Amino acid sequence: MEKQTYEEIHDCLIKPRINPQRRKDKVYIGCGAGFGGDRPMAAKKLLNRVKELNYIVLECLAERTLAERYQAMASGGDGYDSNISEWMSLLLPLAVDRGTCIITNMGAMDPVSAREKVLEVASSLGIHLSVAVAHEVFVNESGSGSLPEKLVNMEGGVSTYLGAAPIVACLERYQPNVLITSRVADAALFLAPMVYELGWNWDDLELLAQGSLAGHLLECGCQLTGGYFMHPADKNRNLSFPNLLDLSLPYAEISSSGEICVMKAEGSGGILNFGTCAEQLLYEVGDPSAYITPDVVVDFRGVTFQPLSRSKVLCIGAKPSAHPVPDKLLQLIPKHRGWKGWGEISYGGYECVKRAKAAELLVMDGRGISWCQFLCSFLYNWTG
């Protein structure tokens with residue numbers, strides 16, 4: 001196993017790339033996970049079905065999951081995603097064989113230890129690979145940047161939404177098989193391999209805007225391919241259950257000129273069309289004229305979607321906003337206070353009962369027992 005050292009520490013200023021090389025005319029990037037707790041088998045299906053994938057991104061971190069990892073680490077547990085061994089055991093053999101680089105934010109609060117776990121899994125599988133880490137560190141006041149033996153990269157649990165630049169730096173230096181990050185803006189996980197492979201620079205704002213659009217569309221996995229689109233009362237969204245059970249994770253083809261086509265695997269379930277793309281475009285967007293990422297502030301108002309086939313949609317029209325460079329980065333700070341809430345999914349409106357029954361069927365397991373029934377049974381037995 002190749003082990004990189006941790007001598008490189010950079011400040012948060014993004015410096016222009018020196019003579020960036022265009023390595024490819026097109027790059028293919030897939031989404032292998034859209035949230036913590038997503039399905040590893042869906043990622044493996046995507047790898048099996050789409051042989052041209054250059055990168056697969058496992059986006060498994062959110063504010064809640066980051067807080068959970070901080071709490072676990074503070075209690076002596078793992079600061080990284082506890083499912084990383086399962087994911088890597090399943091994906092590494094095929095990804096390494098295909099030359100598909102895995103980029104993931106499963107590192108959470110302790111990406112350095114996550115790297116060691118990945119190397120351990122690879123060793124058990126007899127796989128030789130390189131694992132790089134891009135993450136936030138706090139240097140001491142003297143600026144020496146000396147690192148302790150066990151590096152805790154976020155002081156007091158404070159975590160900054162980093163952009164694509166540190167990932168690009170790792171790709172340039174190490175060309176790793178696996179790249180692990182701490183908290184990175186979701187779209188930036190996808191933008192980084194575009195910048196690296198297509199020869200883009202940090203002042204190519206038009207290209208960065210289009211690349212960030214692709215990242216934003218891909219970041220939530222099956223939300224783009226019909227996961228939130230079923231409505232039995234609507235003839236345009238009346239997807240069958242077998243169709244949804246084989247729901248495909250999405251991927252994208254991005255050209256050096258910034259042309260984006262989002263896709264799903266041919267013959268797979270789900271749906272990819274204008275409606276699913278428009279729905280995901282507006283996900284977690286406040287001001288569509290100024291969608292803020294650490295890399296570029298994007299104007300989504302002119303975005304259009306042109307279906308090219310049942311499995312391919314051309315996405316154009318993202319532009320840098322009037323003030324395209326963010327002047328601040330977002331930080332998350334954990335606090336031992338507040339409230340714990342309980343949520344439920346409710347269905348209202350026309351044919352709401354059909355929609356609720358559809359949701360119930362989709363969470364049934366092979367024994368015909370729904371997740372909710374299993375949970376209630378477990379709680380009854382535990383309390384009884």
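Here the structure is a predicted model, which is why all the values come from computation and not from measurement.
Heavy atoms of other residues, nucleotides or ligands lying less than 6.0 angstrom from CZ of Arg23 number more than 12.
Screening residues 40-51 for side-chain hydrogen bond (donor to acceptor under 3.5 Å, both in side chains), with sequence neighbours left out, gives Lys45-Asp246, Arg49-Asp246. The side-chain hydrogen bond (donor to acceptor under 3.5 Å, both in side chains) analysis of residues 33-42, with sequence neighbours excluded, yields no pairs.
Judged purely by atom type and a 3.5 angstrom limit, Asn243 uses its side chain to pair as donor or acceptor with the backbone of Gly270. The closest donor-acceptor contact from the side chain of Ser212 to the backbone of Ala209 lies at 3.5 Å or more, if one exists at all. Judged by distance alone, with hydrogens and angles left aside, the side-chain atoms of Arg98 form a donor-acceptor pair with the main-chain N or O of Leu47 at under 3.5 Å. At least one donor-acceptor pair under 3.5 Å links the side chain of Gln21 to the backbone N or O of Asn19. Of the possible polar contacts, none joining the Asn105 side chain to the Arg183 backbone as a donor-acceptor pair under 3.5 Å is found.
One distance of note links CD of Gln71 with CE of Met109; it measures 12.0 Å at 0.5 Å rounding. A distance of 11.0 Å separates OG1 of Thr276 from CG of Leu281, quoted to the nearest 0.5 Å.
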Next item on the list: Just do the side chain to side chain contact (heavy atoms under 4.5 Å, CB included) check on Arg237 and Tyr228 with the steps written out, would you?
Entry: CA-CA 10 Å; Arg237 293 188 284 166; Tyr228 276 178; over 6 Å; no
Note to self: Does Val178 form a side chain to side chain contact (heavy atoms under 4.5 Å, CB included) with Leu92? I'd like the steps, not just the answer.
What the structure shows: CA-CA 9 Å; Val178 179; Leu92 280 179; 3.7 Å; yes
Notebook entry, point to check: Going through the checks in order, is the side chain to side chain contact (heavy atoms under 4.5 Å, CB included) test met by Cys277 and Leu224?
Noted result: CA-CA 6 Å; Cys277 291; Leu224 184 66; 3.9 Å; yes
Next item on the list: Dump the intermediate steps for side chain to side chain contact (heavy atoms under 4.5 Å, CB included) on Ser113 and Asp78, then the final yes or no.
Entry: CA-CA 8 Å; Ser113 294; Asp78 293 330; over 6 Å; no
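Contact detail for Ile29 and Phe190: the closest heavy-atom pair is CD1-O, 3.5 Å. Counting all heavy atoms, side chain and backbone alike, Cys315 lies closest to Gln210 at O-NE2, 3.2 Å. The two residues Ala318 and Val303 come nearest to each other via the heavy atoms N-CG2, 3.7 Å. Shown here for Leu90 and Pro93, the closest heavy-atom pair between the two residues is O-CD, 4.0 Å. Residues Lys117 and Ile84 approach most closely at CG-CG2, 3.7 Å, considering heavy atoms. Shown here for Leu46 and Gly30, the closest heavy-atom pair between the two residues is CD2-CA, 4.1 Å.
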Show me the donor-acceptor pairs within less than 3.5 Å that the side chains of residues 289-300 make with the rest of the protein, sequence neighbours left out.
from	atom 1	to	atom 2	distance (Å)
Ser289	OG	Asp287	OD1	2.7
Ser289	OG	Asp287	OD2	3.1
Tyr291	OH	His216	ND1	3.2
Thr293	OG1	Asp295	N	3.2
Thr293	OG1	Val296	N	3.0
Thr293	OG1	Val296	O	2.7
Asp295	OD1	Ala164	N	2.9
Asp295	OD2	Ala164	N	3.3
Asp299	OD1	Arg301	N	3.0
Asp299	OD1	Arg301	NE	3.0
Asp299	OD2	Arg301	NE	3.3
Asp299	OD2	Arg301	NH2	2.8

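The only option from Leu217, Leu218, Thr225 that meets the side-chain contact (heavy atoms from CB on, under 4.5 Å) definition with Gln280 turns out to be Leu217.
Between the side chains of Tyr283 and Glu219, not a single donor N or O lies within less than 3.5 Å of an accepting N or O.
Ring geometry, Phe274 versus Phe305: the interplanar angle exceeds 60°, so the pair is classed perpendicular (tilted spans 30 to 60°).
Here the side chains of Tyr55 and Cys101 are in contact, with some heavy-atom distance below 4.5 Å.
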